Asks: 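The following block contains the structure, expressed as C-alpha cells.
Treat the numbers as computed from the prediction; the structure is a model and nothing was measured.
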Amino acid sequence: MRARHLAPAALLLPFALLLAACGGSSRAEGGGGTGSGTDGKGSLTLNVGDQKGGSEALLRAAGELDDLPYKIKWSTFTSGPPLLEAINAGAVDVGAVGNTPPVFAAAAKSKIRVIAGSHSRSDGETILVKKGSPLKRPAQLKGKSIAVAQGSSAHYQLIASLKKAGLTPKDVTLNYLQPADALAAFTRGKVAAWAVWDPYTSQALDQADARVLTTGQGVVNGLSFQVAAPAALDDKKKSAALKDYIDRLRRAQDWVFKHPDAWAKAWAKETGLPDKVALDAVKRTRGTAVAVAVDKAAVASEQGIVDAFAALKLIPRSFDFGAFVDPRFNGDLPPSGTAPRTYGKGH
C-alpha cells in the first residue's frame with residue numbers, strides 16, 4: 001500500500017491491520033486467532049465471510065463459539081463489496097456488511113439475500129476535517145475535495161449530508177480512496193475532508209488532528225446487515241445453522257453492550273487499535289447496536305439509498321430492494337426502528 005509512505009507508520013499500522021487480506025479472502029491455517037480456520041464440530045460447515053475484528057472476534061470474545069454444533073469456516077475480507085462478491089460466487093454462505101454494499105451488489109443482480117440486521121447509533125459515521133480547518137458546516141464543503149470509499153456506507157452518508165446542506169456530489173470533488181489511502185491524503189492535507197466510519201473516525205480524532213464537521217445521526221439509517229447466499233437458505237440444515245448463527249450474534253451484541261471494556265480490549269488486540277481508540281469506537285457506535293428484523297421499514301429505508309444512487313447514476317437503474325430480502329428469521333428479532341443503545345451523554 002503506497003499509503004504507508006505518506007503517513008506516520010505508527011498511525012497507519014492499525015489501518016493496515018484492519019485492511020488485511022488485500023485482494024479478497026485470506027485465511028491462515030491453524031487454530032485460535034480470528035480468520036484462522038474452523039470452529040465447532042459436526043458434519044455441517046457454514047462458510048462465513050468476515051472483516052478484521054468483526055463477527056468472529058465478537059462471537060469469540062462473548063463465548064458464543066464455545067459450543068457450536070456445526071462448523072464455521074472463516075474467511076476474512078477487506079470490506080463489504082468483495083465479501084458480497086464471494087457470496088454471489090457461492091464461496092461464502094453468510095457475512096456482515098453495512099447498509100450500502102448490498103445496494104451495489106443487488107444493482108449488479110448478485111445472488112444475495114438480506115436475512116437480518118442491526119441498528120446502531122450513527123455518531124461514528126462522520127465527515128472529518130482538520131482541527132485548524134476554516135470549515136464549520138457542511139454547506140462550506142462546496143468546491144472542496146473529499147476522500148471517501150466508493151460504495152461504502154460513508155459514500156451514502158456523504159451524499160445525504162451534502163443534500164441536507166443543499167449540495168450535490170457535483171458541487172465537490174470526490175476522491176475515491178480506501179481508508180488507509182484516505183488517511184494518508186487527509187494527514188498530508190491533500191483533501192479538505194474525509195467521509196468515514198468507526199473505528200477510523202475514533203482513530204483520526206485521537207491521532208490525526210481531526211474534528212467532526214458532521215455526523216450521520218439523523219441522516220443515515222444506522223443499519224447493517226447479515227447477507228446470505230440463496231443456496232444456503234434453500235438447504236434445510238444450513239438454514240437452521242444460519243438461524244442459530246444469527247441468535248448467537250444477537251447474544252454477543254448484548255454481551256458487548258454490558259462489557260464495553262472487555263470487548264474494546266479484545267477488539268484492540270485483534271485489530272491493533274490503541275485501547276482508547278477501540279473503547280471510544282465501542283461507546284460511540286459499535287457497542288450501541290441492537291439486532292433487528294429486516295422489515296418493511298428497513299426495506300423502505302434501503303430503497304431510499306437505491307433511489308438516491310440511481311438518480312446520481314452511480315448504479316445503472318433503480319430496482320426493488322425488497323426482492324433481495326428473505327424475512328424468514330424476522331420473527332424473533334425486534335423491529336428495525338428499535339432505538340440503538342447508548343452509553344449516555346458524550347457517547
Side-chain angles (χ1 to χ4, degrees), residues 1 16-30 33-40 44-60 65 68 70-118 149-155 176 178-180 197 223-235 237-239 241-246 248-249 270-271 294 302 315 319 321 323-326 329:
M1 292 183 185
L17 284 169
L18 280 165
L19 291 167
C22 290
S25 174
S26 176
R27 190 176 57 82
E29 295 300 331
T34 59
S36 62
T38 303
D39 282 285
L44 178 70
T45 298
L46 198 62
N47 295 298
V48 179
D50 198 16
Q51 297 179 52
K52 193 72 172 176
S55 298
E56 182 185 355
L58 177 69
L59 290 168
R60 195 176 303 287
L65 295 178
L68 278 175
Y70 52 90
K71 293 177 182 176
I72 292 180
K73 182 181 179 183
W74 300 98
S75 299
T76 306
F77 295 82
T78 58
S79 60
L83 193 162
L84 293 183
E85 288 173 14
I87 291 177
N88 178 57
V92 168
D93 295 319
V94 66
V97 297
N99 64 0
T100 303
V103 169
F104 280 81
K109 300 181 180 179
S110 296
K111 295 187 287 292
I112 62 167
R113 293 293 183 271
V114 178
I115 61 170
S118 63
Q150 187 172 18
S152 67
S153 59
H155 194 176
Y176 290 130
Q178 288 297 313
W197 60 92
L223 295 174
S224 57
F225 298 109
Q226 293 294 325
V227 180
L233 290 163
D234 290 342
D235 182 307
K237 290 183 178 180
K238 280 199 172 183
S239 180
L242 286 169
K243 172 66 166 64
D244 179 79
Y245 179 72
I246 289 169
R248 289 172 187 272
L249 284 170
E270 176 65 23
T271 60
V294 188
E302 288 294 298
I315 58 175
F319 60 89
F321 187 82
F324 292 86
V325 170
D326 188 319
F329 304 129

Asks: Sub-3.5 Å donor-acceptor pair from the side chain of Asp50 to the main-chain atoms of Glu56, do we have one?
Replies: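 At least one qualifying donor-acceptor pair exists.
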
Asks: For the residue pair Tyr70 and Leu46, what are the closest heavy atoms and their distance?
Replies: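 Closest heavy-atom pair between Tyr70 and Leu46: CE1-CD2, 4.1 Å.
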
Asks: Are the side chains of Leu249 and Leu59 in touch, meaning some heavy atoms are under 4.5 Å apart?
Replies: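 Answer yes - side chains close enough.
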
Asks: Do Leu68 and Arg248 have side-chain heavy atoms sitting under 4.5 Å apart?
Replies: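 In short, these two side chains touch, coming nearer than 4.5 Å.
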
Asks: List the atom of Ser224, the atom of Ser118, and the distance in Å for their closest heavy-atom pair.
Replies: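 What the structure gives for the nearest pair is OG-OG, 2.6 Å.
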
Asks: Specify the closest pair of heavy atoms between Pro102 and Val227, including all atoms of both residues, with the distance to one decimal.
Replies: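 It is CG-CG2, 4.3 Å.
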
Asks: If every non-hydrogen atom of Phe77 is compared with every non-hydrogen atom of Gly49, which pair is closest and at what distance?
Replies: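 The answer is CE1-CA, 3.9 Å.
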
Asks: Hey, can you tell me if Tyr245 and Trp74 have their rings parallel, tilted or perpendicular (30° and 60° cut-offs)?
Replies: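 Geometry flag for Trp74 against Tyr245: tilted rings.
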
Asks: Which residues pass the ring pair (Phe, Tyr, Trp, His ring centres under 6.0 Å) test with Phe329, not counting sequence neighbours?
Replies: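 Applying ring pair (Phe, Tyr, Trp, His ring centres under 6.0 Å) to Phe329 gives none.
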
Asks: Please tell me if the side chains of Ser152 and Trp197 come closer than 4.5 Å, counting only heavy atoms from C-beta onward.
Replies: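 A side-chain contact exists here, since the closest heavy-atom pair is under 4.5 Å.
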
Asks: Quick one: pull up CG in Leu83 and CG in Asn88 and give me the separation to the nearest 0.5 Å.
Replies: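 With rounding to 0.5 Å, CG (Leu83) is 12.0 Å from CG (Asn88).
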
Asks: Between OG of Ser153 and CG of Leu223, what distance do you get to the nearest 0.5 Å?
Replies: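 CG of Leu223 is found 11.0 Å from OG of Ser153.
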
Asks: Considering only heavy atoms from C-beta outward, does the side chain of Arg60 approach that of Asp39 to under 4.5 Å?
Replies: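 Yes; the side chains approach each other to less than 4.5 Å.
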
Asks: Under the side-chain hydrogen bond (donor to acceptor under 3.5 Å, both in side chains) definition, can you give me all pairs with a residue in residues 103-114, not counting sequence neighbours?
Replies: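 Matches after skipping sequence neighbours: none remain.
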
Asks: Apply ring pair (Phe, Tyr, Trp, His ring centres under 6.0 Å) to Phe225 and list each qualifying residue two or more places apart in sequence or on a separate chain.
Replies: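 Scan of Phe225 (ring pair (Phe, Tyr, Trp, His ring centres under 6.0 Å), adjacent residues dropped) gives none.
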
Asks: Quick one: closest heavy-atom pair of Gly80 and Gln51, and the distance?
Replies: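 Closest pair (atom of Gly80, atom of Gln51, distance): N-NE2, 3.6 Å.
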
Asks: Supply the atom-to-atom distance Ile246 CD1 to Ile115 CD1, rounded to the nearest 0.5 angstrom.
Replies: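 Result: 3.5 Å between the selected atoms.
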
Asks: On a heavy-atom basis, which atom in Ile112 and which in Ala106 lie closest, and how many Å separate them?
Replies: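 Ile112 and Ala106 have their closest heavy atoms at CD1-N, 4.2 Å.
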
Asks: Between Asp93 and Asn47 (side chain of the first, backbone of the second, donor and acceptor by atom type, cut-off under 3.5 Å), is there such a pair?
Replies: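 The answer is yes, because a donor-acceptor pair under 3.5 Å joins these two groups.
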
